[in-house]
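Everything on this sheet refers to the single structure shown next.
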Amino acid sequence: MNVIETRDLVRYFGAVRAVSGMDLAVPTGSIFGLLGENGCGKTTTINLIMGALVPHEGTVRVFDEDPLSFTPATRARIGYLADEMALPGWMTLGEAIGVQSSFFEQWDNDALWRLLKRFDLHADQVFGQLSKGQKRWFLIVLIVAQQPDLLILDEPSGGLDVSVRRQFLDLLVDLVNDRDMTVLMASHILSDVERVVDHVAFVKAGKTVCQSGLEDLKTRVKRLCLPTGTHRHEIEKRFTVLSMREQSGTLLATVADFEPESLSGLECRVEHLNLEELFLVYNTRRTEEGVVS
Amino acid sequence: MYLTIEHNSGVPVSAQIVAQVKYLVISGQLEPGERIPSVRALARELKVNPTTVARIYRQLEAEEIICTQAGRGTFITQGRSSLTLAEKRRQIVARVRELVVESGRINLDYTELRKLVEMEIARIEQKESRS
């Protein structure tokens, strides 16, 4: 089952095609990383998923509903933390909690205070006087207290200290583990999200250039280091080659469908690729070469 | 069951964990019949998605390294399965291969390498005969 599905999604801003045929499938219970460089269309995609923007082409389904006509019950199942979100600086945390909790029927006050304690936050503090990390933590905890089934985060850990980031990401995993929540997270800091995401979509120029389970991707996509004398077509015969180049006396071939058995007779070393390297492989390919999923 | 994950190494998390569990079993740190955490508990501890842990457990079960008894939990398989022995061999072969490749890289010739291995065996044999 997928919580979110988009098909051939297109959105223009004037003449600019910000989202250009986006296909996404976010499985229930996943932590899904929507990954791409700044300006590639991540935030626009999220706005389309939230029903804040109308698509020009294509469809979006969230919990099998059209975001433009969400029922209030469905809307309450979604928690959303935007990139730059804030509360009035003068507001106390207690007031903010009072206002926010009035919108939701299944408000979890116990979880709220348990989580706020981790950052030494209490009701009479004023939002404007919190540190950047505390502000961010307060906002995510407010959303967690709504007990959403789907959490959508836009650049959740940007600009935060390492320890805050770590706690933030660990919280996401705990939520998925304890409450079967699904998380969609847009980010361009790959080393960060690598700890927590289990599905990724690499976005380039408004469309996905790769979409896969991360474990699966790491198992399939490998870089083979071969002697320069190796015939290129010999590699292409055995594997789907994503890129091939020569560097310091070695032929480097990145393949999309690695199987140890397919190596037989080839003299080569196999390199694993981490999320950042995988992203670069797909992001530097020309989009005309097709989508590998 | 102490396990560590290197998230940025590029090696799939499931492959890392499967290898570590096998090592813990082979080295006797996990004993046959010993109970191991449930999928959920291990997912919480390692801070990874439960679907990843479920995949790991499925693989370990298929290789008969662990077994799940409905209602009781998950355990290290009792008795020495031939599979564990084959796995031990495979791990040793992998390390020997690394050793040979590494020697080649530093231009150590194979006669020299053989001598080193023989010397190491002799040293351990002597130690064993003394104790």
Side-chain angles (χ1 to χ4, degrees), chain A residues 1 27-33 166-183 185 189-200 212-223 225 254 258 260 267-281, chain B residues 3-22 36-63 74 86-87 89-91 93-107 110:
Chain A
M1 245 299 273
T28 309
S30 62
I31 301 186
F32 192 103
R166 184 60 73 88
Q167 294 212 50
F168 199 98
L169 297 169
D170 281 354
L171 173 67
L172 298 183
V173 186
D174 288 342
L175 291 171
V176 170
N177 269 324
D178 298 341
R179 301 198 192 181
D180 296 314
M181 208 180 269
T182 304
V183 180
M185 177 158 72
I189 307 174
L190 300 181
S191 55
D192 238 26
V193 300
E194 182 159 21
R195 289 180 54 80
V196 297
V197 295
D198 51 53
H199 281 77
V200 292
S212 171
L214 181 56
E215 287 283 287
D216 185 41
L217 194 64
K218 284 183 173 176
T219 308
R220 296 189 282 114
V221 181
K222 300 283 180 193
R223 185 182 294 135
C225 309
T254 308
F258 176 77
E267 188 192 328
C268 100
R269 185 159 55 88
V270 180
E271 278 186 353
H272 305 293
L273 303 177
N274 66 22
L275 184 57
E276 203 163 274
E277 292 161 320
L278 291 166
F279 175 78
L280 286 173
V281 166
Chain B
L3 304 165
T4 53
I5 300 175
E6 279 182 53
H7 283 282
N8 301 117
S9 73
V11 182
V13 171
S14 48
Q16 292 184 39
I17 297 299
V18 165
Q20 284 179 58
V21 171
K22 283 181 184 170
I36 62 168
S38 67
V39 168
R40 287 265 163 184
L42 188 61
R44 265 186 214 115
E45 193 182 314
L46 296 175
K47 303 277 182 214
V48 299
N49 194 292
T51 55
T52 308
V53 179
R55 173 203 284 245
I56 292 165
Y57 276 29
R58 269 200 306 278
Q59 190 183 335
L60 289 169
E61 247 166 60
E63 295 189 35
T74 306
E87 185 58 38
R89 288 225 176 85
R90 216 171 296 140
Q91 292 223 351
V93 169
R95 291 199 189 179
V96 170
R97 189 171 302 148
E98 275 173 34
L99 185 69
V100 174
V101 170
E102 195 60 32
S103 308
R105 205 171 286 156
I106 62 166
N107 294 325
Y110 294 143

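Chain letters run A, B, ... following the sequence lines, proteins first and then strands; every chain starts at 1. All values derive from a computational prediction rather than experimental measurement.
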Can you say whether B/Thr52 sits under 4.5 Å from chain A via the side chain, the backbone, both, or neither, judging by heavy atoms?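 The side chain, not the backbone.
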So, does A/Asn274 use its side chain to make a donor-acceptor pair with the main chain of B/Gly10 at under 3.5 Å?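 Not at all, since once roles are kept as given, no pair shorter than 3.5 Å links the two residues.
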In the structure I gave you, are the side-chain heavy atoms of [X] and [Y] within less than 4.5 Å of one another anywhere?
X        : Y        : result
B/Val11  : A/Lys218 : no
A/Asp174 : B/Lys47  : yes
A/Val176 : B/Asn49  : yes
A/Asp178 : B/Arg44  : yes

Is [X] in contact with chain B via its backbone, its side chain, both, or neither, using a 4.5 Å heavy-atom distance?
X        : answer
A/Asp170 : both
A/Leu275 : neither
A/Val196 : neither

Any chance you could measure B/His7, atom NE2, to A/Arg195, atom CZ, to the nearest 0.5 Å?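 Result: 4.5 Å between the selected atoms.
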Between CD on residue B/Glu45 and CG on residue A/Asn177, distance to nearest 0.5 Å: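 One finds 11.5 Å between CD of B/Glu45 and CG of A/Asn177.
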Heavy-atom closest pair, residues A/Glu215 and B/Ala15: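 In this case the closest contact between A/Glu215 and B/Ala15 is OE1-N, 4.4 Å.
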So which atom in A/Ser191 and which in B/Asn8 form the shortest heavy-atom distance, rounded to 0.1 Å?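 Scanning both residues, the minimum pair turns out to be O-ND2, 3.6 Å.
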